[in-house]
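Right, one structure below, let's go through it.
Chain naming here is simple, since letters A, B, ... match the order of the sequence lines and numbering starts at 1 in each.
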There are 2 protein chains.
Amino acid sequence: MKKGATTIRDVAAAAGVSVATVSKYMNGTQRFTPAVEARLKEAIEQLGYRSNPLARSMITGRTRTIGLAILDIRNPHFTNIVKGANRVALQHDYTLLLVDTEESQEREQTLIESLAQRVDGMIVSSRMPDDSVQWLLDLGKPVVLFGRSSRFQISSVGTDSNLAGYMLANHLLKLGHKRIAYLGFGRSRWNDERIRGIRNCLDEYGLSLDVYDAQSPSAAAGERACSGLMLGPKRPDAVICYNDLIALGFIKEARELGFSLPRDVSIAGFDNVPYGEYASPALTSVDFQSERMGELAMTKLLDELHGKSEENAGYSMLDPHLVVRESTVRREVGEAADGDARTRKSMSGMRAAE
Amino acid sequence: MKKGATTIRDVAAAAGVSVATVSKYMNGTQRFTPAVEARLKEAIEQLGYRSNPLARSMITGRTRTIGLAILDIRNPHFTNIVKGANRVALQHDYTLLLVDTEESQEREQTLIESLAQRVDGMIVSSRMPDDSVQWLLDLGKPVVLFGRSSRFQISSVGTDSNLAGYMLANHLLKLGHKRIAYLGFGRSRWNDERIRGIRNCLDEYGLSLDVYDAQSPSAAAGERACSGLMLGPKRPDAVICYNDLIALGFIKEARELGFSLPRDVSIAGFDNVPYGEYASPALTSVDFQSERMGELAMTKLLDELHGKSEENAGYSMLDPHLVVRESTVRREVGEAADGDARTRKSMSGMRAAE
DNA sequence: ATGAAAGCGCTAACAT
DNA sequence: ATGTTAGCGCTTTCAT
């Protein structure tokens, strides 16, 4: 029975009924006389019949498949989104068509365009600028995006990055930090909002923020960026990183440079990735509830697909939660960031802070 | 143009040719007179025509989609497999239909059965016992599995768990460890092989292995299992964990119990997850090249699909690599595991080792 | 309650 | 090089 799977016609013949009857039976569209029902059950069981979803989809126009386009499955933020989306999809008997665009903008559009044809709807996480999203909507399939769009009335879910930035800054300020740096990731759509939140808070204390940029949202980039901050002219006493991955890399490299953490510098990130907890010092972060973001995105999409779009259309926002761990500690008064008496190989690379 | 996407017939009409011509043009199956080609290009561009992959698949019997069934996308081992598989799939213009079975055996079979109907082939990672794999093969689609099957001649990729276990044990033994414990995960198919490798090595030194079991392959389970080992009657001076997640959890809990790592106990895991490097102490592990496993699995499957199955059919094995970091250190002679003079809250829970 | 027939959008012979 | 035609496996009116 390798080739030529049994079709609806085979079943119809075996049960002595029409194909229409079999179809109705398979879809539970109708009631049957016990005799017919028994023969159908028998024939289907006998032949091991399973209806062909492709043929079905072609007629109904629905595939029970949701396209999920993300930037990098290895980034725990996206991993969680996939996990959440998958769970809800499974509950509703939908399957996930996954596309990992590998952070490549060129590929992205092509991939998403062909994805659109194979699914009932899409959830897409992208670095597309806000104003070049129109084509996505024109694909004719319901879409849920991440982050709020200023120009379009799109269904989307996000978190309050502004608030998240404020929370972290506020936390550090209350710990007595004065020289706060932000190691961001400029290509991200949320970078500016986070900066804004941080600055909002610093302003209240009359402090300013030094902004640096990592080359990618990864631990490796955090490592690379570390020496620039820690051995530069304006060594901070606390660093807020664009995400936990960057923070983790930063911590590792800082220790290798001879710094003692969190004593010499407090570090915090965003995302609350699963393994920040197991780093040392355990990482202070802001939890964006990424798994729930995935769940919510899928719920919204499915609702839209099933015509109950009113329930939670438009933009939904999840609350960020501050998770304080060991990587951020109190900076005592008078304990200037560069005032330690420790010796360090790279001491020569340091100058007085401005 | 929301509903009623343009079909091949619309294009044929607009270009003044037959549908067959359009089809051939779309598939590049044939050459055309410049005039016709121009009109086709024009009409397609004008109407924004994109051929319907469902209809196409129904005839060709191919979907250019590969099903990928894994146990938990959040486990970095699987995340890497997905990454690798996705990359190769993309290169060959295939898409991934992802199924995260959430470690649920019941769901698994149903999910995979329906998955089989929508894809050209499948890559599945499962905890199915070796002898209940027949139904999977009977689904009539090419399958690539992980781990070697003893009973069937299936295409599969794996690593030498036996050797991996041996490597880790050997590493610890050379560091002077004597009381080695294994915190395994009995439900895994590879657990026994790892134990075997470890014992192979221990036997050479005339040492025995204490085996414990974690409830799941997660950090949380590692945390839960820790006190049982460290405060039990046979406190080890080195612990090999089923995977890095368990090891990470174990490390965290051990420190919270008041132990100093790696001084009191060396810890090692398997998988070399990305964040083991950022833990403290950085985790010694065995790298299974999971991303390459994903790539290789996809390559094998695609080869099979394209009729070049000879090239690398059957079982392929990747080499494990020992990655030594800070979590395993030399145990000096006479420095018995329970001989420290440290005080610890739970000291009362300890007895002399047998 | 059941069946006949008309497609869904496309490809694949087989003409021409 | 282009067109005709017969389906792929299924759902869906519309009859009966």
Side-chain angles (χ1 to χ4, degrees), chain A residues 1 3-44 47-65 114 116-120 140-141, chain B residues 1 3-44 47-65 114 116-120 140-141:
Chain A
M1 198 181 295
K3 281 268 64 154
T6 67
T7 80
I8 199 172
R9 260 182 284 270
D10 301 327
V11 177
V17 297
S18 78
V19 292
T21 305
V22 181
S23 171
K24 284 162 190 157
Y25 178 80
M26 292 300 289
N27 296 302
T29 321
Q30 204 191 251
R31 293 188 40 128
F32 301 88
T33 46
V36 171
E37 178 154 358
R39 269 150 53 208
L40 279 169
K41 194 172 288 180
E42 162 74 9
I44 289 169
L47 278 56
Y49 171 70
R50 323 220 66 197
S51 82
N52 180 333
L54 254 61
R56 180 174 216 287
S57 292
M58 224 178 84
I59 295 178
T60 62
R62 269 162 282 109
T63 59
R64 295 203 83 80
T65 302
S114 71
Q117 301 195 85
R118 329 188 95 271
V119 300
D120 294 348
K141 302 278 181 165
Chain B
M1 198 181 293
K3 281 267 67 153
T6 67
T7 81
I8 198 172
R9 259 182 285 266
D10 301 329
V11 177
V17 297
S18 77
V19 292
T21 305
V22 182
S23 172
K24 285 163 190 157
Y25 178 79
M26 292 300 288
N27 297 301
T29 321
Q30 203 191 252
R31 294 189 39 131
F32 301 87
T33 44
V36 171
E37 179 155 357
R39 268 149 54 210
L40 278 170
K41 195 171 286 180
E42 162 74 8
I44 289 168
L47 278 56
Y49 172 70
R50 322 220 67 196
S51 83
N52 180 333
L54 254 60
R56 178 173 216 287
S57 292
M58 226 178 80
I59 296 179
T60 63
R62 269 162 283 106
T63 59
R64 294 201 85 81
T65 303
S114 71
Q117 300 195 85
R118 328 188 96 272
V119 300
D120 294 347
K141 302 278 182 165

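Residues satisfying the salt bridge (charged side-chain N to carboxylate O under 4.0 Å, His left out) criterion with B/Arg50, sequence neighbours excluded, are A/Glu113.
Atom CZ of B/Arg9 is separated from atom C1' of C/dG7 by 9 Å (rounded to the nearest Å). Nucleotide C/dC8 holds its C1' atom 10 Å from the CG atom of B/Leu54, rounded to whole Å. Regarding A/Met58, its CE atom lies at a distance of 9 Å from the P atom of C/dC8, rounded to whole Å. In this structure, the CZ atom of B/Arg118 is 13 Å from the P atom of D/dC10, given to the nearest Å. Distance, B/Tyr25 OH to C/dT11 P: 14 Å, rounded to whole Å. Distance, B/Gln117 CD to D/dG9 P: 13 Å, rounded to whole Å.
Of the inter-residue distances, the one linking B/Thr63 atom OG1 with B/Gln117 atom CD reads 12.0 Å to the nearest 0.5 angstrom. The CZ atom of A/Arg118 sits 9.0 Å away from atom CG of B/Asn52, with the distance rounded to the nearest 0.5 Å. Here the straight-line distance linking atom CG of B/Leu47 with atom CD1 of B/Ile8 works out to 12.5 Å at 0.5 Å rounding.
Within the nucleic acid shown, B/Arg31 comes within 4.0 Å of sugar-phosphate atoms alone, with no base atom in reach, counting heavy atoms only.
For residues 7-30 of chain A, every residue pair satisfying the ring pair (Phe, Tyr, Trp, His ring centres under 6.0 Å) rule, not counting sequence neighbours, is listed here: A/Tyr25-A/Phe32.
Distances were taken from every side-chain heavy atom of A/Ser18 (C-beta onward) to each of C/dA4, C/dC10, D/dG3; the shortest belongs to C/dA4.
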Item checked: Under 4.0 Å protein heavy-atom contact, by nucleotide of nucleotides 11-16 of chain D - B base, S sugar-phosphate only -> BB----
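Distance alone, capped at 3.5 Å, is enough to place a donor-acceptor pair between the B/Thr60 side chain and the B/Arg56 backbone.
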